[in-house]
Amino acid sequence: MEAADISADLTEVLYTKAQIEERLTELARQIEDDYAGKELLLVGVLNGALMVMADLSRELKRHCEMDWMAISSYGSGTQSSGVVRILKDLSTELQGRHVLVVEDIVDTGLTLAYLLQNLKSRNPASLNVMTMFRKPESMRSPVEVAYVGFDLPNEFVVGYGLDYAGRYRNLADVGILDPAIYA
């Protein structure tokens with residue numbers, strides 16, 4: 001689905017499919033350079049990172065392993081609840097591994113801070129974060145993100161894995177959701 005298919009639901013398109021693909025290619029090259037000679041484990045955070053993880057892994061010109069976690073702090077609203085729950089844990093042992101957490105968005109940073117603390121306790125050789133989108137103005141918990149696709153305004157955005165109540169994840173572009181949709 002493209003923004004033109006649901007133009008009435010969006011107030012503005014922030015990034016097109018082509019812009020996202022181009023930036024993801026740049027990030028993949030940087031990750032390849034930074035992890036040269038190291039076995040890489042990508043840890044995707046469900047459900048939002050599905051698109052990013054799939055596209056990033058295909059863009060990498062090297063082997064990598066993948067695993068998934070599902071954590072939640074949103075529910076069906078537009079603001080983080082601040083309460084983090086692990087819904088699905090990893091099946092891969094992290095001890096001594098080079099781990100790159102792949103996120104769709106870093107918003108308040110609260111969920112990611114919890115996740116990183118949890119993963120660090122498993123003694124990986126290294127632990128970094130790649131996010132396709134970040135909202136710097138919304139940050140409430142300082143988290144270090146090694147790879148950022150794009151910074152977003154402090155608006156409710158959807159597309160490329162980002163959803164509202166389970167919808168819009170399959171939108172190839174990223175745009176600001178019309179407040180009338182969620183008001």
Side-chain angles (χ1 to χ4, degrees), residues 1-35 40-74 76-80 100-109 111-112 115 128-139 143 145-183:
M1 173 169 65
E2 295 181 7
D5 299 323
I6 57 161
S7 59
D9 291 4
L10 304 174
T11 61
E12 181 182 349
V13 174
L14 298 173
Y15 298 104
T16 65
K17 177 182 178 183
Q19 290 171 307
I20 293 167
E21 288 172 349
E22 180 180 338
R23 182 65 181 130
L24 198 61
T25 298
E26 293 169 1
L27 290 170
R29 297 298 80 81
Q30 186 179 356
I31 291 166
E32 288 169 352
D33 288 346
D34 292 349
Y35 287 91
L40 179 61
L41 172 64
L42 302 178
V43 172
V45 182
L46 295 170
N47 289 324
L50 180 64
M51 305 298 184
V52 181
M53 181 88 142
D55 290 347
L56 176 65
S57 65
R58 287 189 299 239
E59 188 60 39
L60 290 172
K61 298 180 185 315
R62 55 161 299 154
H63 292 291
C64 64
E65 291 182 50
M66 291 183 265
D67 202 347
W68 298 92
M69 282 188 88
I71 56 178
S72 175
S73 68
Y74 275 90
S76 62
T78 61
Q79 298 291 317
S80 174
L100 180 62
V101 175
V102 179
E103 277 274 28
D104 55 345
I105 188 168
V106 176
D107 194 339
T108 64
T111 304
L112 183 57
L115 175 62
N128 287 303
V129 177
M130 179 269 171
T131 187
M132 199 64 223
F133 305 103
R134 175 179 64 181
K135 289 186 178 179
E137 295 174 29
S138 298
M139 295 294 287
V143 290
V145 180
Y147 310 96
V148 178
F150 299 102
D151 282 333
L152 296 173
N154 195 17
E155 300 281 347
F156 195 78
V157 296
V158 293
Y160 198 66
L162 305 171
D163 76 312
Y164 170 64
R167 299 180 69 193
Y168 302 99
R169 286 193 198 280
N170 62 321
L171 175 61
D173 308 301
V174 171
I176 298 172
L177 188 62
D178 187 329
I181 302 291
Y182 56 88

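- Looking at Ile31 and Leu40, their side chains come closer than 4.5 Å, going by heavy atoms from C-beta outward.
- With rounding to the nearest 0.5 Å, the separation of CH2 in Trp68 from CG in Leu42 is 9.0 Å.
- Here the side chains of Ile176 and Leu10 are not in contact, with every heavy-atom distance at 4.5 Å or above.
- Taking SG of Cys64 as the reference point, atom CG of Leu41 lies at 8.5 Å (rounded to 0.5 Å).
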Side-chain donor-acceptor distances from residues 166-174 under 3.5 Å, at least two apart:
{"residue": "Tyr168", "atom": "OH", "partner": "Asp9", "partner atom": "OD2", "Å": "2.8"}
{"residue": "Arg169", "atom": "NH1", "partner": "Gly161", "partner atom": "O", "Å": "2.6"}
{"residue": "Arg169", "atom": "NH2", "partner": "Asp163", "partner atom": "OD1", "Å": "3.2"}
{"residue": "Arg169", "atom": "NH2", "partner": "Asp163", "partner atom": "OD2", "Å": "3.3"}
{"residue": "Asp173", "atom": "OD1", "partner": "Lys17", "partner atom": "N", "Å": "2.8"}
{"residue": "Asp173", "atom": "OD2", "partner": "Ala3", "partner atom": "N", "Å": "2.8"}

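- Closest heavy-atom contact between Ala8 and Asp178: O-OD2, 4.0 Å.
- For Asn154, the side-chain hydrogen bond (donor to acceptor under 3.5 Å, both in side chains) partners two or more places apart in sequence, or in a different chain, are Ser138.
- Residue pairs meeting the ring-ring contact (aromatic ring centres under 6.0 Å, His included) criterion with at least one member in residues 6-31, sequence neighbours excluded, are Tyr15-Phe150.
- Once rounded to the nearest 0.5 Å, the distance linking CG of Leu162 with CD1 of Ile105 reads 5.0 Å.
- Contact of the Leu100 side chain with the Val43 side chain is not registered, since no non-hydrogen atoms from C-beta on lie closer than 4.5 Å.
- A heavy-atom distance below 4.5 Å is found between the side chains of Val101 and Glu103.
- Contact check for Val129 versus Leu112: side-chain heavy atoms found under the 4.5 Å cut-off.
- Considering CD of Glu137 and OG1 of Thr108, their distance stands at 14.0 Å, rounded to 0.5 Å.
- Applying the salt bridge (Lys or Arg N to Asp or Glu O under 4.0 Å) test to Glu2 and every residue at least two apart in sequence or in another chain returns nothing.
- With sequence neighbours excluded, the residues satisfying side-chain contact (heavy atoms from CB on, under 4.5 Å) with Ala70 are Leu46, Leu87, Lys88.
- Here the CG-CE distance, from Asp67 to Met53, works out to 7.5 Å after rounding to the nearest 0.5 Å.
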query = For Asp151 and Lys135, what are the C-alpha separation, side-chain angles and deciding distance, and is it a side chain to side chain contact (heavy atoms under 4.5 Å, CB included)?
reply = CA-CA 6 Å; Asp151 282 333; Lys135 289 186 178 179; over 6 Å; no
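- The side-chain heavy atoms of Asp104 and Val45, taken from C-beta on, include no pair separated by under 4.5 Å.
- Here salt bridge (charged side-chain N to carboxylate O under 4.0 Å, His left out) pairs that include residues 18-32, with residues two or more places apart or in two chains, are Arg23-Glu26, Arg29-Glu32, Arg29-Glu59.
- Residues Val157 and Leu177 are not in side-chain contact: their nearest non-hydrogen atoms beyond the backbone lie 4.5 Å or more apart.
- Here the CG atom belonging to Leu50 is positioned 9.5 Å from the OH atom belonging to Tyr160, to the nearest 0.5 angstrom.
- Looking at residues two or more places apart in sequence or on another chain, you find a side-chain hydrogen bond (donor to acceptor under 3.5 Å, both in side chains) between Thr16 and Gln19.
- Looking at residues two or more places apart in sequence or on another chain, you find no salt bridge (Lys or Arg N to Asp or Glu O under 4.0 Å) involving Asp34.
- Side-chain atoms of Leu27 and Met130, non-hydrogen and from C-beta on, do get closer than 4.5 Å to each other.
- Glu65 is linked by a side-chain hydrogen bond (donor to acceptor under 3.5 Å, both in side chains) to Arg97, counting only residues two or more places apart in sequence or in another chain.
- Evaluation of the ring pair (Phe, Tyr, Trp, His ring centres under 6.0 Å) rule for Tyr35 yields no partner, not counting sequence neighbours.
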